[in-house]
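To find a chain, count down the sequence lines: A is the first, B the second, and so on, and within it residues start at 1.
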Protein chains: 2
Amino acid sequence: MSRSASIKDVANHARVAVGTVSNVLNYPDRVSQRTKDRVLQAIDELGFVRNDAARQLRAGHSRTIGLIVLDVGNPFFTSVVRAAEDAAALQGSAVLLGDSGHDAGRESNYIDLFQEQRVQGLLISPVGDVTERLDQLRERGVPTVLVDRLADEAKYSSVSVDDDAGGYLAARHLLDTGRRRLAFVGGPTSIRQVEDRLQGAQRAVAEVPDASLEILDSAGQTVLAGRGVGDQLVRRAAGELPDGVFCANDLLALGVMQSLTMLHTLRIPEDIALIGYDDIDFAVSAVVPLSSIRQPTEALGRTAIELLAEELDSDKPRHRAVIFTPELVVRQSTAGPEGSSAETRSGSSEEAAATAG
Amino acid sequence: MSRSASIKDVANHARVAVGTVSNVLNYPDRVSQRTKDRVLQAIDELGFVRNDAARQLRAGHSRTIGLIVLDVGNPFFTSVVRAAEDAAALQGSAVLLGDSGHDAGRESNYIDLFQEQRVQGLLISPVGDVTERLDQLRERGVPTVLVDRLADEAKYSSVSVDDDAGGYLAARHLLDTGRRRLAFVGGPTSIRQVEDRLQGAQRAVAEVPDASLEILDSAGQTVLAGRGVGDQLVRRAAGELPDGVFCANDLLALGVMQSLTMLHTLRIPEDIALIGYDDIDFAVSAVVPLSSIRQPTEALGRTAIELLAEELDSDKPRHRAVIFTPELVVRQSTAGPEGSSAETRSGSSEEAAATAG
DNA sequence: CCGATTCTTTGAATCGTTTCATTGTTACGA
DNA sequence: TCGTAACAATGAAACGATTCAAAGAATCGG
């Protein structure tokens, strides 16, 4: 009832030594069948469950990996988390999940907690400046992999997504389907992601002689901010309108779509093609299914675990920064004049453009 | 570099006994200022961090609480998780989060893991039939609180939300704003939540003599399923239309809204009032801001931790089932003829309708 | 200055598992 | 039958923190 059975209880019950019970659990081959049966039966009868604390005290480290994300509610991270958990499970580790909620204090608390738990390694999508903490951890033999952030390869491994390439992909797609007067809708360019996506788009536009790119600053990254931009667009004279709009994320794109379709003066995609970024669940079920740029979240999570495993295996401090290329998901909102309606994906096939450090 | 400092290293470095270091950490009042200073300095110089495994081996239990949810990506659970983490932090515990993803296998793995970790207690939103496992845990002194599921008070504490009351609240609101020909849109009534919400709505309708409630079966709980139902509605003759529609969740409601607003033949809320359930983030930024029923997720998470604490404190097996009442959030999609536009909340003030077991 | 009291500090024992040198057992070829 | 492998089982030591009885130091009143 109260105290749960220990390996010693099992040993007594099966009339063997504690070492033998341990061998049954960890090296079954070393134990004869007869003994093994007796021990297993005792385990079953007593309902013995290994005490992980004792185990990891002896081992010197746990079999868990810490993962700190900015926001578990964000589908991007949710997907990364799930992939990381699955990949970790394959190699016999469990993931301890922490949600910093963009709060440096919570982030720091989780690092403390994980350090006390002696996690094998840490995956983190940092909020504040944690380089000092991470350096300290590395010195103690706890490697870190940065997630969704490009790191200095001299110091850390990292997995990230090439936002410039994503921006290029989006703009290029609008150009490929015949649009020339493009517009970029995005929040403050102080956000790195927004900046990079814009830069990629500009790169694509520069490749086509008669193409132009207008920048429409949005007050944030929400549906409402998008609607604000959309409302401005519908008030313009026909000649002043863009014919292709690229939004820095899907929420903005959905807001723009709401404005344009609400008044029914402009049609998507005939008058204006629209493409977003992130490929959230809502994109496919928008009034006009939204084209978007999908980030390889599963690959991010999986690769982060793999990079961590690499660092754990070899004791040489060899770091790698793996950069993924996002992929284009074509739906109705950017259908060409001929209007093929099937959903299409193209672009990266989740292959890593890896570089060695 | 390699091995991290232990309490013994600290003791040597500060020239005191290990017990003294432990006292500095756990009972600072017992130690003189001089000694304390020396020890703290040693801790700082060596970068000592407590080894939680050793601590909990000695203590016999950890300072963590296991939490297994059906889907971390679901905003409902995300919010519950965050509240539970905060409440646990207040009492000095940490939450280990597991995402079963509606998979009984993953759920079982997490129970195993948490049992090996010797968690203090378990909060679970179960997928499969885990009563046997939970009984076993209870016998070993690991209490469980069921989350978002009403439990037999003889065996477990639980926190849940009264879906019948939510359904009543939604329908009642439509009736209160003058609608009489109501329709309920929902997936298979085999889902308990859907069933209960419908029942609550029927109860409300039965209270008003000339009111009626039509049931529109949807093929699922998605935006697309909602659009399917909406498409059927717009094809009806004007006289056959409901004037108030209650959807079993917000996704369905958004789908219905898309259909109705797309063709611009029916206006929301003038021709048809629309209300959803869950109050997801998108509700407020829909083309017509969507009225909805909000579940007190924070209270769920917080209360679950509190009930667990109760069970841990007293060793008498006294269980409680706490049932929360959801609240109505009024937005434009159900605005009355006079059309007050402000967002209003009413209904439960997050107070628990508790019953003792 | 002494004995009593309170305040500090000590260090061995303990938690449950794994490891590993040692001992005990069995089997087999010569 | 003996010597030697190969195989099984043993149990003490170690991991690092906490606890607690006991020893030691400081303080105080008389």
Answer with base, sugar-phosphate or nothing: what part of the nucleic acid does B:V21 contact at a heavy-atom distance below 4.0 Å? nothing

Across the strands shown, which category fits A:N26 at heavy-atom distances under 4.0 angstrom: base, sugar-phosphate, nothing? sugar-phosphate

Find the distance [X]:[atom1] to [N]:[atom2] and express it as a whole number of Å.
X     : N      : atom1 : atom2 : answer
B:I43 : D:dG16 : CD1   : P     : 16 Å
A:R63 : C:dT17 : CZ    : C1'   : 12 Å
A:Q56 : D:dA17 : CD    : P     : 12 Å
A:H61 : D:dG16 : NE2   : P     : 12 Å
A:D29 : D:dA6  : CG    : C1'   : 15 Å
A:N12 : C:dG16 : CG    : C1'   : 13 Å
B:R50 : D:dA17 : CZ    : C1'   : 9 Å
A:K8  : C:dC15 : NZ    : P     : 7 Å

Report for the helix from C:dC1-D:dG30 to C:dA30-D:dT1: angle between first-end and last-end helix axes, five pairs each, rounded to 10 degrees. 40°

For [X], which residues count as a side-chain contact (heavy atoms from CB on, under 4.5 Å) partner, sequence neighbours excluded?
X      : result
B:E132 : none
A:R38  : A:V16, A:R34
B:E116 : A:V49, A:R50, A:D52, A:R55, A:R63

Check whether any side-chain nitrogen or oxygen of [X] sits under 4.0 Å from OP1 or OP2 of [N], and answer yes or no.
X     : N      : answer
A:Y27 : C:dT19 : yes
A:S32 : D:dA9  : yes
A:R55 : C:dT18 : yes

Only counting residues at least two apart or in another chain, list the ones meeting ring pair (Phe, Tyr, Trp, His ring centres under 6.0 Å) with A:F114. A:Y110

Between [Y] and [X], is there a salt bridge with N-O shorter than 4.0 Å?
X      : Y      : value
B:K36  : B:D29  : no
A:D112 : A:R133 : yes
A:R106 : B:E85  : yes

Check whether any side-chain N or O of A:D44 sits under 3.5 Å from a backbone N or O of A:L40 as a donor-acceptor pair, and report yes or no. no

Do B:S157 side-chain atoms and B:H319 backbone N/O form a donor-acceptor pair below 3.5 Å? no

Closest-nucleotide 5' rank along DNA chain C - winner of B:R118 and B:K36: B:K36

Distances for protein N/O vs nucleotides 10-14 of chain C N/O pairs under 3.5 angstrom?
from: C:dT10; atom 1: OP2; to: B:A17; atom 2: N; distance (Å): 2.8
from: C:dT10; atom 1: OP2; to: B:T20; atom 2: OG1; distance (Å): 2.7
from: C:dT14; atom 1: O2; to: B:R58; atom 2: NE; distance (Å): 3.4
from: C:dT14; atom 1: O2; to: B:R58; atom 2: NH1; distance (Å): 3.4

